[in-house]
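Position 1 is the first residue of the sequence, and the numbers go up from there.
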Amino acid sequence: MALVPLKPVLDAARRGGYAQGAFNVNAVCQAKAVIEVHEMLRSAAILQGADLANAFMGGRADFANGTVEDKIAGAKNIGDAVKRYGEKSPVPVVLHLDHGRDMESVKAAIAGGYTSVMIDGSSLPLEENMELTREVVKYAHQRGVSVEGELGVLAGVEDHVFAASSTYTNPLTAVEFVRSTKVDALAISYGTMHGPSKGKDVKLRREIPIAIRECLAHEGLDCALVSHGSSTVPAYIVREINALGGNIQNAYGISLSELKAAIPAGINKINVDTDIRLAVTRNMRELFATRPELRESPSIGGVYQLLTEHPENPDPRAFLPPVYDTVMYGVVEDDDRAALVAAIEAGVKEAVATLIVEFGSYGHYPDVELATLDEMAERYQKAGI
């Protein structure tokens with residue numbers, strides 16, 4: 001089926017009392033793996049490409065310095081990959097921009113085939129955040145594309161997103177924000193953190209999404225709630241990485257029990273990136289440990305070299321530039337490359353399958369009321385949003 005906007009998928013989650021995991025991808029084979037594991041578990045799929053992931057997929061190894069041109073090229077590469085596998089899929093598939101920085105990033109993503117975008121103005125003063133978000137909503141809704149905004153600041157580091165401390169989302173301000181911007185989803189700050197080092201035994205403030213949900217309902221406002229910075233950072237994967245020559249320290253995630261308790265409190269979408277990074281990095285290290293002849297491979301030996309040079313880095317993007325044609329276009333030119341791709345895909349599926357089950361979206365894809373971008377554009381127009 002054609003790719004779908006985010007709103008119908010989150011509407012089904014709200015009706016069904018479960019949450020949709022939203023999983024970040026940085027390579028064609030990762031997109032393929034995410035879609036396949038959702039098919040296996042009969043769940044709608046939300047794939048996310050972060051703003052800087054688009055730069056990376058555009059061929060920019062130093063993606064933090066990616067240009068608009070890099071992001072346009074990368075958004076198209078991600079969009080083409082997700083369409084390749086998503087349009088053949090029986091389950092609804094959403095391609096969502098994570099942490100869009102500005103209108104240029106949003107326009108690049110939509111042009112590349114994204115069906116949903118996030119605009120992150122959370123670091124701006126409230127009025128500027130709302131103004132930017134309204135501008136994005138107007139542009140995206142005319143094209144049937146869903147929009148997620150953010151209110152409140154999460155501590156931690158993820159790509160260009162950095163904050164030393166959190167600022168929790170005020171429920172009354174959330175009502176003002178949703179009423180003013182007409183976003184479809186709102187990312188809130190209630191105790192989660194970006195990155196692999198979230199601190200031990202984090203307790204989420206569930207009273208915040210509960211209060212926001214009640215305030216929105218009282219005002220008759222329709223908006224899903226999103227949890228960013230929600231990777232669980234499985235301790236067993238960190239141990240295995242370190243046993244294979246890595247050096248990942250002070251890595252703690254949000255416990256599954258805390259995340260699952262946030263779902264009935266009103267959280268409908270849970271973003272996960274770090275878990276996938278860790279599982280893929282572990283699998284690549286394991287591949288070169290069990291098949292040492294691949295360390296000298298003309299095809300993938302450069303990946304091994306980068307793994308040895310950066311034992312502290314959990315991000316596969318640091319190791320994959322030697323196989324950029326595989327990352328950007330899915331080219332698998334020999335058996336060595338196929339072995340690397342298989343390891344990456346297995347890591348993605350391991351991380352994602354667990355969370356599909358834990359968040360409760362398995363078996364629910366038939367509950368999604370499908371709508372094309374054109375149909376959503378018509379709905380937004382009729383609703384005046």
Side-chain angles (χ1 to χ4, degrees), residues 1-13 20-50 53-54 56-58 72-98 100 108-118 140 143-148 184-185 269-273 276 280 326-332 341 344-346 348-349 351-353 355-356 359 361-377:
M1 64 179 64
L3 305 190
V4 301
L6 180 66
K7 181 172 170 47
V9 173
L10 295 190
D11 285 348
Q20 282 285 159
F23 302 102
N24 287 59
V25 297
N26 298 286
V28 170
C29 62
Q30 291 183 352
K32 173 177 176 287
V34 170
I35 291 171
E36 287 178 349
V37 74
H38 280 84
E39 290 173 352
M40 181 178 72
L41 293 171
R42 297 176 61 79
S43 169
I46 303 172
L47 288 79
Q48 297 192 147
N54 284 340
F56 179 73
M57 280 289 285
I72 290 172
K76 184 179 186 304
N77 288 336
I78 293 181
D80 287 349
V82 175
K83 287 175 187 175
R84 185 186 315 169
Y85 301 106
E87 288 184 342
K88 300 175 184 177
S89 178
V91 305
V93 176
V94 177
L95 179 55
H96 177 75
L97 174 67
D98 190 25
I110 293 174
Y114 281 68
T115 58
S116 179
V117 295
M118 179 203 180
R143 293 156 177 81
V145 172
S146 305
V147 179
E148 175 184 324
D184 303 288
K269 173 174 171 275
I270 301 176
N271 287 14
V272 175
D273 187 359
I276 297 172
V280 169
T326 297
V327 169
M328 294 191 294
Y329 309 118
V331 175
V332 182
V341 166
I344 293 171
E345 290 183 2
V348 171
K349 290 179 179 180
V352 171
L355 298 177
I356 293 173
F359 297 161
S361 68
Y362 62 92
H364 280 289
Y365 95 78
D367 300 339
V368 178
E369 296 179 3
L370 299 179
T372 66
L373 292 178
D374 288 342
E375 289 169 341
M376 279 303 302

Close side-chain approach of Val348 to Val34, heavy-atom, < 4.5 Å: yes
Working to the nearest 0.5 angstrom, can you tell me the gap between Met40 CE and Tyr362 OH? 13.5 Å
Quick one, Glu369 with Asp11, criterion side chain to side chain contact (heavy atoms under 4.5 Å, CB included). Give me CA distance, side-chain angles, the key distance, then yes/no. CA-CA 9 Å; Glu369 296 179 3; Asp11 285 348; over 6 Å; no
Between Leu41 and Ala353, what is the shortest heavy-atom contact and its length? CD1-O, 3.9 Å
Which value, rounded to the nearest 0.5 Å, describes the distance between Lys349 atom NZ and Ile356 atom CD1? 11.0 Å
Strictly by salt bridge (Lys or Arg N to Asp or Glu O under 4.0 Å), give each pair with a member in residues 38-47 just once, sequence neighbours left out. none
Taking Gln20 for its side chain and Ala44 for its backbone only, find out whether a donor-acceptor pair lies under 3.5 Å. yes
Return yes if some donor-acceptor pair links the side-chain N/O of Asp184 with the main-chain N/O of Val147 below 3.5 Å, else return no. yes
Is there a side-chain contact between Leu373 and Pro5, using heavy atoms and a 4.5 Å cut-off? yes
Taking all non-hydrogen atoms of both residues into account, name the closest pair between Ala75 and Ala109 and its distance. CB-CA, 4.0 Å
Which atom names give the shortest non-hydrogen contact between Leu6 and Ser146, and what distance separates them? N-OG, 3.1 Å
Test side chain to side chain contact (heavy atoms under 4.5 Å, CB included) on Leu97 and Asn54 and set out the steps. CA-CA 9 Å; Leu97 174 67; Asn54 284 340; 3.7 Å; yes
Tell me the closest heavy-atom pair linking Val272 and Ile276, and the distance in Å. O-CD1, 4.1 Å
Can you check whether Val331's main-chain N or O pairs, donor with acceptor, with Thr326's side chain at less than 3.5 Å? yes
Measure the shortest side-chain to side-chain distance between Asn24 and Asp98 over non-hydrogen atoms and say whether it is less than 4.5 angstrom. yes
From the list Val368, Leu3, Thr115, Leu10, side chain to side chain contact (heavy atoms under 4.5 Å, CB included) partner of Val94 resolves to Thr115
Would you list the atom pairs, donor with acceptor, under 3.5 Å between side chains in residues 77-85 and any protein atom, with sequence neighbours excluded?
{"from": "Asn77", "atom 1": "ND2", "to": "Met57", "atom 2": "O", "distance (Å)": "2.8"}
{"from": "Asn77", "atom 1": "ND2", "to": "Ala73", "atom 2": "O", "distance (Å)": "3.4"}
{"from": "Asp80", "atom 1": "OD2", "to": "Lys76", "atom 2": "NZ", "distance (Å)": "2.7"}

Separation of Ile270 CD1 from Leu355 CG (nearest 0.5 Å): 8.5 Å
What are the two closest non-hydrogen atoms of Cys29 and Val341, and how far apart are they? CB-CG1, 3.8 Å
Over 12 foreign heavy atoms within 6.0 Å of CD, Glu375: yes
In Å and rounded to the nearest 0.5 Å, what is the CD to CG distance from Gln48 to Leu95? 9.5 Å
Sorted by first residue and then second, give each ring-ring contact (aromatic ring centres under 6.0 Å, His included) pair with at least one member in residues 25-46; sequence neighbours left out. Phe23-His38
Side-chain heavy-atom pair Glu148, Lys269 within 4.5 angstrom cut-off: yes
Ala53 versus Val25, closest heavy-atom pair with distance: CB-O, 4.1 Å
